[in-house]
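Structure first, commentary second.
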Amino acid sequence: MTLPDRFSPRRRTVLAGPLLAALPWSRAEAAAVADAGRKVLRVPFYGAETSLDPVQSGDIYSATLTAHIFEALYAYDHLARPIRLKPLLAEGMPEVSADFRVWTVRVRRGIFFADDPAFKGRKRELVAADVAYGFKRMVDPANKSQGATGLLEEGILGLEPLRHAALEGRKPFDYDAPIEGLAVLDSNTLRFTLAQPRPRFLITLGQSGHLVAQAREVIEFYGANAGEHPVGTGPFRLKQWVRSSKIVLERNPQYRERYYEAEPAAADAEAQAILARLKGRRLPMVDEVQVSVIEETQPLWLSFMNGEVDGLVAASGPLPPEFAPIAVPNGKLAPHLAKRGIALHRVPRADTAYMYFNMNDPVVGGMAPEKIALRRALSLAYDVDREIRLARRGQAIRAQGPTVPFTSGYDPAYKSDMSSYDPARARALLDMYGYLDRDGDGYREMPDGKPLKIVYSTEPGQIYRTYNDIWRKCMAEINIRTEFETQQWPAHYKQAQAGTLQMWMLGGTASSPDGQDQLKDMYGPQAGQQNFSRFQLPAFDALYERMLSLPDGPEREQLFLQAKRIAAVFMPNRYLVHRIANDLVHPWVIGYRRPVFWNEWWHMVDVDNTRRPAKA
C-alpha cells in the first residue's frame with residue numbers, strides 16, 4: 001500500500017508571529033514529566049490523524065499511530081539495510097509451498113492484548129483467529145477500507161466471494177463463514193492459500209498498522225465507536241486523544257518481554273553503533289509518546305528549536321523544506337545546530353511527488369493522439385529543476401518514473417522523458433496536433449477551436465504560491481492558459497477520489513520494498529483509489545498482473561522497464577521528484593534511525609532526561 005501524505009508540496013508557512021501558546025505541550029508540562037523521572041518522547045505530526053482503526057488508517061499519520069498500538073505477523077528489522085522482514089507475532093518464518101501459493105504461519109503463544117473493558121476483567125491471549133479477523137475486517141464493505149483492493153489483489157481464496165456476497169446481498173459481512181484461503185487450523189496456526197503464486201506475500205504479512213491482529217469482542221463491544229478505542233498487542237496503548245490536536249500513547253503494561261535486537265550490515269557503521277548501545281534493552285524504552293499536530297511550519301520549527309518536540313523526523317514530521325537553507329545549507333548541518341548537539345539524518349525518501357492528469361477529463365484526458373500529445377507537451381514544458389531549486393530548496397532529486405528509491409524496479413541510472421524540460425519540443429507537439437492560437441490573444445485553443453484552459457488544483461499558503469508561480473511561468477512559455485482552483489487538502493483528496501479534478505499535485509510514500517506498489521498509480525482496477533488519474537490500458541494491466549506472480553529477478557525487472565516506458569509515453573502522471581529527508585534530532589533522543597517502509601519506531605529509541613534542558 002502506498003500511503004498518500006500531505007507533505008508533497010505541502011505545509012503552510014505562517015508569516016505572523018509564533019503561535020507557541022497554542023502548542024499542545026507547554027514547558028511546564030514537560031518539566032513536570034522530567035521531574036517525575038518518566039521518559040517521554042515528543043513528536044510532531046504535520047497533519048491530523050483520521051482514525052485509530054487499522055482498516056481506516058489510510059493516511060501516514062493514522063498509520064503511524066496504529067502501527068504502535070497493533071502488530072502484524074512480521075515486522076521489518078529496524079536497522080537492516082537491505083531491508084529484511086522478521087517474525088513479530090509469528091513464531092518463525094512462514095512455511096511456503098514451492099509454487100508460492102500456500103503460506104503456513106504459527107502464531108507465538110504468550111502474547112496478550114492490552115487490558116480493556118471489552119474483555120470483562122480477563123487477560124486476553126492472542127490466537128490465530130485474531131489475525132484472520134483483522135484480514136476479514138479489511139475487506140468488509142461496511143468498513144470502506146482503502147486497503148481492501150490491495151488485499152483482494154493477493155488472491156486469498158474465498159475472500160473476494162465473501163465480500164461480494166455482502167455487497168450484492170446488502171447484508172452484513174459473514175465473519176463466521178469458512179474461507180478456504182484463510183484457514184485457522186488451530187489456536188496458533190494459520191494457513192493462507194492463494195489463487196496465484198505470490199512470491200512476495202511475506203510483505204503483506206508485515207503490514208503493521210493495517211493487517212494486524214484484532215480482538216473481535218473489542219469491535220463488537222464498541223460498535224461504530226471502535227475506532228476511538230484501539231486495543232492491540234503492541235508496545236503502546238492509547239492514553240489521551242484530542243482529535244487533530246494531540247494524542248498520547250503510554251507503555252502497554254501487558255506488553256510481552258521483548259528486547260532490542262537487529263541484524264545490520266557489518267559495514268553499516270551508524271547501525272552497528274546503535275546496536276552496540278541498545279542491544280538487549282527491553283522494549284519499549286520510553287514510558288510515553290506525546291504527539292502534537294502542528295500543521296503550520298513556522299510554529300513547528302520554533303517548537304523544535306525551543307525543545308518542545310524532540311525531533312523533526314520520519315515520514316509524519318521531517319524538517320519542512322523551507323527551513324532547509326537554515327538547518328542544512330548545502331546538505332550539511334548548520335554549525336549553530338551542531339553546537340547544540342542536534343544530529344542530522346539525511347537520506348533519500350522512498351517516495352515520490354507527482355501531478356496527475358484526469359484521464360476522464362474532456363481537456364487533458366483520453367487516449368486519442370492529440371490528448372496524449374497535450375499531456376506530453378505540458379510535461380515537457382514543466383521545469384522540475386526550477387521546482388527543486390525554488391520550492392524544494394534543493395531537497396529533492398528528479399524522478400524518472402513511478403518507482404522510488406529502495407524499491408525493486410528502481411534504477412538510479414535510468415533516464416526518460418519523464419524528467420525532460422524542453423519547451424521548444426512542447427510547442428512543436430502542440431502545433432503538430434492542432435493546439436493553435438487562432439484568435440491572436442496569445443493563448444492556444446483546442447484542435448476544434450474551443451478554449452484551452454488548464455485547471456490546476458492547489459492549496460492556500462505561501463509554499464503553494466511558489467509552486468503555482470513556477471507552473472504559471474512554464475505554461476506561459478508555451479502559450480497555455482492556467483487557472484488555479486484553491487481548496488484545503490482534504491477537500492481536494494475527496495474530489496480526487498471522486499474523479500472531479502482535472503489535475504493535482506500530491507505525494508505518496510512507499511510502504512513496502514516492492515516497487516510494484518507504485519505501479520498501482522496506473523493500474524486500471526485501482527481507478528479512484530491509488531490510481532487517481534483513472535488511467536486504463538489493458539496492456540499495462542496485463543503486465544501488472546504478470547508481475548504479481550513472478551519472483552524477483554531479471555524477467556520481472558524487464559517488466560518494470562516496460563511499465564516505466566508506458567508511463568512516459570501516455571503520461572497519465574508526471575512524476576516529479578523523490579524528496580530528500582533531513583531529520584533533525586535533539587541529543588537526548590538515543591538510537592533514532594529513519595524507518596524506510598514502516599511507521600513504527602517510537603519503541604526503538606530511548607530518551608535521556610539528564611540531557612534534556614530544564615526549560616524544555
* Asked: Taking C-beta and beyond as the side chain, do C474 and R386 meet within less than 4.5 Å on heavy atoms?
  -> yes

* **Sidechain N-carboxylate O distance under 4.0 Å for D140, R163** => no

* Does the ring center of F484 lie less than 6.0 Å from the ring center of Y467? -> no

* Give a yes-or-no answer on whether the side chains of S62 and S51 include a donor-acceptor pair shorter than 3.5 Å. => no

* If you take all heavy atoms of G209 and T66, which pair is closest and at what distance? -> O-OG1, 3.0 Å

* **Electrostatic pair E445-K450, nearest N-O below 4.0 angstrom** => no

* Audit row: N531, S533, side-chain hydrogen bond (donor to acceptor under 3.5 Å, both in side chains) steps and yes/no -> CA-CA 5 Å; N531 178 1; S533 72; 2.9 Å; yes

* ring-ring contact (aromatic ring centres under 6.0 Å, His included), paired with Y382, selected from Y421, Y456, W471, F357 -> W471

* Asked: Do the side-chain N and O atoms of R200 and Q516 include a donor-acceptor pair separated by under 3.5 angstrom?
  -> no

With a cut-off of 3.5 Å and sequence neighbours excluded, list every side-chain donor-acceptor pair involving residues 361-373.
unit_1: D361; atom_1: OD2; unit_2: V363; atom_2: N; d: 2.9
unit_1: D361; atom_1: OD2; unit_2: V364; atom_2: N; d: 3.1
unit_1: D361; atom_1: OD2; unit_2: Q502; atom_2: NE2; d: 3.2
unit_1: K371; atom_1: NZ; unit_2: P362; atom_2: O; d: 2.7
unit_1: K371; atom_1: NZ; unit_2: V363; atom_2: O; d: 3.3

* **Check ion pair E555-R546 (N to O, under 4.0 angstrom)** => yes

* Asked: Is it true that the side chains of D541 and Q536 contain a donor and an acceptor less than 3.5 Å apart?
  -> no

* Going by the angle between their ring planes, with limits at 30° and 60°, are F45 and Y61 parallel, tilted or perpendicular? -> tilted

* Would you mind checking if D383 and K473 are paired as a salt bridge, meaning a charged N to carboxylate O distance below 4.0 Å? => no

* Structure fact -> What one should report as the nearest heavy-atom pair of T407 and A510 is CG2-CB, 4.4 Å

* For R444, what residues pass the salt bridge (charged side-chain N to carboxylate O under 4.0 Å, His left out) criterion, not counting sequence neighbours? -> D431

* Using a 4.5 Å cut-off on heavy atoms from C-beta on, say whether the side chain of M522 contacts that of Y544. => no

